[in-house]
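Report on one structure; see the data block that follows.
For this chain, numbers begin at 1 and follow the sequence in order. The model shown is predicted, which means the values in this text are computed figures rather than measured ones.
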Amino acid sequence: MKLSLFYRGAVSLALSLCLMVPLTYGATATPIEVQSEEEIQPCYIGTFSTSASIAIRSGGIAECWGYVDCYPGYTAKNAVMRLQWLNSEGVWLDYYTWYGEGNSVDFDATKAVPKGRTYRVKVVADIYDSNGNWVEIVGAISGSEKY
């Protein structure tokens with residue numbers, strides 16, 4: 001009886017050691033090149049450029065710009081440019097919206113804004129192909145401006 005316990009222990013030890021040995025000899029980790037957010041460009045199907053920007057002039061006039069440019073045969077529908085403000089819980093809320101549609105949608109608008117808030121512009125659009133099939137949603141967000 002003592003002998004069989006010895007063998008069981010030896011087998012258990014041998015199996016434990018086997019699990020500690022790597023299954024693929026010589027496997028090494030290779031570092032990958034990480035790009036900064038500024039260098040990362042999304043890959044879209046029907047859109048080649050999307051942008052959003054904001055500037056607040058003295059007197060509280062927010063100048064808002066944005067665009068969605070599609071490849072030929074694609075259309076931006078439900079395109080919207082949102083002027084947003086940041087509430088005390090860190091949530092962006094819509095202050096004003098503008099709408100557009102087409103192969104190239106350009107937004108250029110101004111809006112008076114109250115003092116004491118942080119603002120940004122967000123552009124979003126659904127992209128459809130020439131057969132009317134939805135292919136993607138695109139978007140861009142400006143930097144924030146405090147006024």
Heavy-atom pair of closest approach, residues [X] and [Y]:
| X | Y | result |
| --- | --- | --- |
| Ile54 | Ala62 | CD1-CB, 4.4 Å |
| Val123 | Phe107 | CG1-CE1, 4.3 Å |
| Pro114 | Tyr95 | CD-OH, 3.4 Å |

Any donor-acceptor pair under 3.5 Å from Asn131 side chain to Asn133 backbone: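 Here the side-chain-to-backbone pair does not exist.
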With rounding to the nearest 0.5 Å, note down the distance linking [atom1] in [X] to [atom2] in [Y].
| X | Y | atom1 | atom2 | value |
| --- | --- | --- | --- | --- |
| Asp106 | Ser51 | CG | OG | 10.0 Å |
| Arg82 | Cys64 | CZ | SG | 13.5 Å |
| Ile127 | Asn78 | CD1 | CG | 9.5 Å |

For [X], which residues count as a side chain to side chain donor-acceptor pair (under 3.5 Å) partner, sequence neighbours excluded?
| X | value |
| --- | --- |
| Glu101 | none |
| Gln84 | Asp94, Arg120 |
| Tyr99 | Thr97 |

Members besides Trp92 in its Ile/Leu/Val/Met/Phe/Trp/Tyr cluster (side-chain heavy atoms under 4.5 Å):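 Grouped by the 4.5 Å side-chain rule, Leu86 form the rest of the cluster around Trp92.
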With the 4.5 Å side-chain cut-off for hydrophobic clustering, are [X] and [Y] part of the same group?
| X | Y | answer |
| --- | --- | --- |
| Val138 | Trp98 | yes |
| Val121 | Val113 | yes |
| Leu93 | Met81 | yes |
| Leu83 | Ile61 | no |
| Phe48 | Ile137 | no |

Flag if over 12 foreign heavy atoms under 6.0 Å of OH, Tyr96: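 At most 12 heavy atoms, drawn from other residues, nucleotides or ligands, come within 6.0 Å of this atom.
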Tabulate below the donor-acceptor pairs under 3.5 Å that side-chain atoms of residues 65-76 make, not counting sequence neighbours, or state none.
from: Trp65; atom 1: NE1; to: Asp108; atom 2: OD1; distance (Å): 3.2
from: Tyr67; atom 1: OH; to: Ser49; atom 2: OG; distance (Å): 3.3
from: Asp69; atom 1: OD1; to: Ser104; atom 2: OG; distance (Å): 2.6

Pairwise side-chain contact, Tyr119 with Lys111, heavy-atom cut-off 4.5 Å (strictly under):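 No, every pair of side-chain atoms sits at 4.5 Å or beyond.
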Pairs where residues 135-147 contributes a residue and the test side-chain hydrogen bond (donor to acceptor under 3.5 Å, both in side chains) is met, not counting sequence neighbours: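 Non-adjacent pairs meeting side-chain hydrogen bond (donor to acceptor under 3.5 Å, both in side chains): Thr47-Glu136.
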